[in-house]
S.K.: 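Here it is, the structure, as structure tokens.
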2 protein chains.
Amino acid sequence: MNVRLNPHVSVDCVIFGFDGQSLKVLLIDRNYDIPPEKLTKPLTLKLPGSMVYDDEDVDTAATRVLKELTGLENIFLKQFHVFGSPDRLKKEEDLIWLQAETHMKIKRVVTIAYYSLIKIHKTTPSDGRVVWLDAMNLPELAFDHNNIIQVGLQTLQKEIQHEPIELFELLPKKFTIRQLQTLYELILGKKLDNRNFRKSVSRSGYIVPVNEKERNVAHKPAQYYRFSHSRYLKNQKL
Amino acid sequence: MNVRLNPHVSVDCVIFGFDGQSLKVLLIDRNYDIPPEKLTKPLTLKLPGSMVYDDEDVDTAATRVLKELTGLENIFLKQFHVFGSPDRLKKEEDLIWLQAETHMKIKRVVTIAYYSLIKIHKTTPSDGRVVWLDAMNLPELAFDHNNIIQVGLQTLQKEIQHEPIELFELLPKKFTIRQLQTLYELILGKKLDNRNFRKSVSRSGYIVPVNEKERNVAHKPAQYYRFSHSRYLKNQKL
DNA sequence: AAACTTAGCGTATTAAATACGTTAAGTATT
DNA sequence: AATACTTAACGTATTTAATACGCTAAGTTT
């Protein structure tokens, strides 16, 4: 029999947000309570996550983490990959922190990664532990969390090609075509032609204008649009 | 602290094969060694799987299962979902079997599911424990394995829409357009127009004819084709 | 020789993607 | 008050892909 120990199972959430300019990721400072003079390493940022509790579905665990951190429920959340290499905890300070945090002699953790898309302004007033950082330009994070975010981003890139619906989770209810295009460009990592982009928007059939325009901008004010879920469903059926 | 127990972690492989007529799944009979008169329940078929060993990456565990079962290495294998509901083991006979098999007091198993695509004729002469069954018409399997296969099939359906390359893992090196179309139709679950299908094949640029035709068929013999990986890569770059 | 079966080419129509020119409506600058 | 500046928004022409459907070709079976 080759099985003796048993890896612990956790969930980690890559929570994306969009502030109109850049794509952000929500991170927490795991050493927030520790006085700065006691800190030796700068690796204090990590993805929000948790061990999976007894009698708790893994998806439920991810939902719980999201709720605890942002106060939000009914949020878009998608499992995208399991990170289960035995040397995920190879950095010594990661192992020390984990064992202190959980009060367990943990040797190995298999983590199930989720990504979530939320409107930044909806987050509850931050408690100081959480920060939004630019997803494209992150410092070194704890564990393999840089890698997890990168894979999450690649997954998101793929998804929006055939499920653009997910994108609207990141935008406010009313948004301009320019905002939508900026978001596409950020995630896809390339520039799009604005004129053709508008055409594909009007072709979509489910992005509809609302009776309101931008105000106080130093150029022609843009029309606001919204995502129509009912029209989206109709087009899918055909 | 809410964590006390710790779920066990396993991998399960949904191994798809194609015999020219229908899509098959490889299953194993977990009660193969047990004399029939001692069997109470007919739920003896399950997906090939294994607990994840210490110091073994989860992907490695899945590769190992595949190797042990089919003798094959360097096979297409893709993680697609984690099944982690606490009541996955709700059928009593499943729990009994699992505890006997592992000699452990297991209460809960979180399993990471993979799917794999192989050419049926490549499997080593079956050892009696393994069977290929029609993926679309399965009996009730152990655990939640019917559900796992269904989700795997849905994933495969989505994947082949933008990564048709995976399909060629299921076909022999030389295949006819009809075979390719049949495979598409099986996985997508709908009929396609043969004339338009041929057009999309020739448009693809990476399905090229070989210098050989069908023989001994009661109709016009079909041209054999092969998948050209180099041409596939060239087209992707554009 | 005729019937049968699947292979394989063609044509016409519609829809989607791409490239690029131009005008419109505001604010800021002089 | 006129001009410059900036982003919004519409249009046209071309290419490429998707869909619908007609027809011929090359074998075997009866």
Side-chain angles (χ1 to χ4, degrees), chain A residues 20-22 157 160-164 171-172 174-186 188-226 231-232 234-238, chain B residues 20-22 157 160-164 171-172 174-186 188-226 231-232 234-238:
Chain A
Q21 316 298 320
S22 60
Q157 264 177 24
I160 64 165
Q161 315 260 17
H162 37 105
E163 295 277 8
L171 289 166
K174 291 178 287 189
F175 53 85
T176 66
I177 302 222
R178 167 59 52 188
Q179 283 178 300
L180 180 60
Q181 184 180 342
T182 301
L183 186 51
Y184 259 99
E185 290 177 341
L186 277 171
L188 298 179
K190 65 178 180 188
K191 288 287 170 191
L192 302 173
D193 182 283
N194 178 257
R195 296 156 297 185
N196 292 334
F197 184 78
R198 299 188 107 87
K199 243 169 292 184
S200 75
V201 163
S202 74
R203 219 183 308 144
S204 81
Y206 51 75
I207 297 166
V208 297
V210 297
N211 193 19
E212 190 179 347
K213 289 193 177 189
E214 265 183 335
R215 276 183 293 171
N216 304 323
V217 285
H219 54 78
K220 176 172 175 177
Q223 175 70 44
Y224 279 119
Y225 289 79
R226 68 179 177 85
R231 296 213 176 176
Y232 177 77
K234 270 178 204 157
N235 289 22
Q236 291 298 95
K237 286 293 166 196
L238 300 178
Chain B
Q21 316 299 320
S22 60
Q157 263 177 25
I160 64 166
Q161 315 261 18
H162 37 104
E163 295 276 7
L171 289 166
K174 291 178 285 189
F175 52 86
T176 66
I177 304 229
R178 168 59 51 190
Q179 283 178 299
L180 181 59
Q181 184 180 344
T182 302
L183 187 50
Y184 260 100
E185 290 177 340
L186 278 171
L188 297 180
K190 63 178 180 188
K191 290 285 172 195
L192 302 173
D193 182 284
N194 179 257
R195 296 157 296 184
N196 293 333
F197 185 78
R198 299 188 108 86
K199 243 168 292 184
S200 75
V201 163
S202 74
R203 220 181 309 145
S204 82
Y206 51 75
I207 297 166
V208 297
V210 297
N211 193 19
E212 192 179 345
K213 290 192 175 190
E214 267 183 335
R215 275 182 295 172
N216 304 324
V217 285
H219 53 76
K220 177 173 174 178
Q223 175 69 44
Y224 280 119
Y225 289 79
R226 68 179 177 84
R231 294 211 179 179
Y232 177 76
K234 270 178 204 157
N235 289 23
Q236 291 298 95
K237 286 293 166 195
L238 300 179

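To find a chain, count down the sequence lines: A is the first, B the second, and so on, and within it residues start at 1.
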S.K.: Between dA8(D), dT27(C), dG26(C), which nucleotide gets closest to the side-chain atoms of P221(A)?
M.R.: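 The closest nucleotide is dG26(C).
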S.K.: Rounded to whole angstrom units, what separation is found between the CG atom of L192(A) and the C1' atom of dT7(D)?
M.R.: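 After rounding, the gap between these two atoms is 17 Å.
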S.K.: Rounded to whole angstrom units, what separation is found between the CZ atom of R178(A) and the P atom of dT6(D)?
M.R.: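 One finds 14 Å between P of dT6(D) and CZ of R178(A), rounded.
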S.K.: Figure out the NZ/P separation between K220(A) and dT22(C), and round it to whole Å.
M.R.: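 K220(A) atom NZ is separated from dT22(C) atom P by 17 Å.
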S.K.: Q223(B) side chain: which of dA16(C), dA8(D), dG8(C) is closest?
M.R.: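 Per side-chain heavy atoms of Q223(B), the pick is dG8(C).
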S.K.: Whole-Å distance between dT6(C) C1' and Q179(B) CD?
M.R.: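 For the pair Q179(B) CD and dT6(C) C1', the rounded distance is 13 Å.
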S.K.: If the cut-off is 4.0 Å, is R198(A) near the phosphate of dA9(D), judged by side-chain N/O to OP1 or OP2?
M.R.: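 The answer is yes; a side-chain N or O of R198(A) sits under 4.0 Å from OP1 or OP2.
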S.K.: Could you give the CZ-to-C1' distance, from R203(A) to dT18(C), as a whole number of Å?
M.R.: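 Roughly 10 Å, once rounded to whole Å.
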S.K.: Would a 4.5 Å heavy-atom cut-off, applied to side chains only, mark Y184(A) and S200(A) as touching?
M.R.: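 SC-SC contact between Y184(A) and S200(A) ruled out.
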S.K.: dC9(C), dT7(D), dA18(D): which one has an atom nearest the side-chain heavy atoms of R195(B)?
M.R.: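 For R195(B), the side-chain atoms sit closest to dC9(C).
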S.K.: Could you state the atom-to-atom distance from CD of Q21(A) to P of dT7(D) in whole Å?
M.R.: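 Taking atom P of dT7(D) as the reference, CD of Q21(A) is at 11 Å.
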S.K.: Rounding to an integer number of Å, can you tell me how far F197(B) CZ sits from dA7(C) P?
M.R.: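 From F197(B) CZ to dA7(C) P: 12 Å.
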S.K.: Round to the nearest Å and state the distance from Q181(B) atom CD to dT6(C) atom P.
M.R.: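 My rounded result for the distance is 12 Å.
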S.K.: Taking all non-hydrogen atoms of both residues into account, name the closest pair between T176(B) and A222(B) and its distance.
M.R.: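 Looking at all heavy atoms of both residues, the closest pair is CG2-CB, 3.8 Å.
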S.K.: Applying side chain to side chain contact (heavy atoms under 4.5 Å, CB included) to I207(A) and F175(A), what does each step give before you reach the verdict?
M.R.: CA-CA 10 Å; I207(A) 297 166; F175(A) 53 85; 4.2 Å; yes
S.K.: Hey, which sits more toward the 5' end of DNA chain C by its nearest nucleotide, K199(B) or N194(B)?
M.R.: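 Residue closer to the 5' terminus by nearest nucleotide: N194(B).
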S.K.: Q181(A) and E185(A): side-chain donor and acceptor closer than 3.5 Å?
M.R.: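 Short answer, yes.
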S.K.: Once you apply a heavy-atom cut-off of 4.0 Å, does N216(B) come out as touching a base, just sugar-phosphate, or nothing?
M.R.: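 Contact class for N216(B): none.
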S.K.: Base, sugar-phosphate, or nothing: which does E214(B) touch, judged by heavy atoms less than 4.0 Å apart?
M.R.: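 Here E214(B) touches no strand at all.
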S.K.: For H219(A) and N196(A), find the nucleotide of DNA chain C closest to each by heavy atoms; which residue's nucleotide sits nearer the 5' end?
M.R.: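 Going by which nucleotide is closer to the 5' end, it is N196(A).
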S.K.: State, to 0.1 Å, how close P209(B) and Y225(B) come at their nearest heavy-atom pair, and which atoms those are.
M.R.: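 Answer, listing the atom of P209(B) first, then Y225(B): N-CD2, 3.4 Å.
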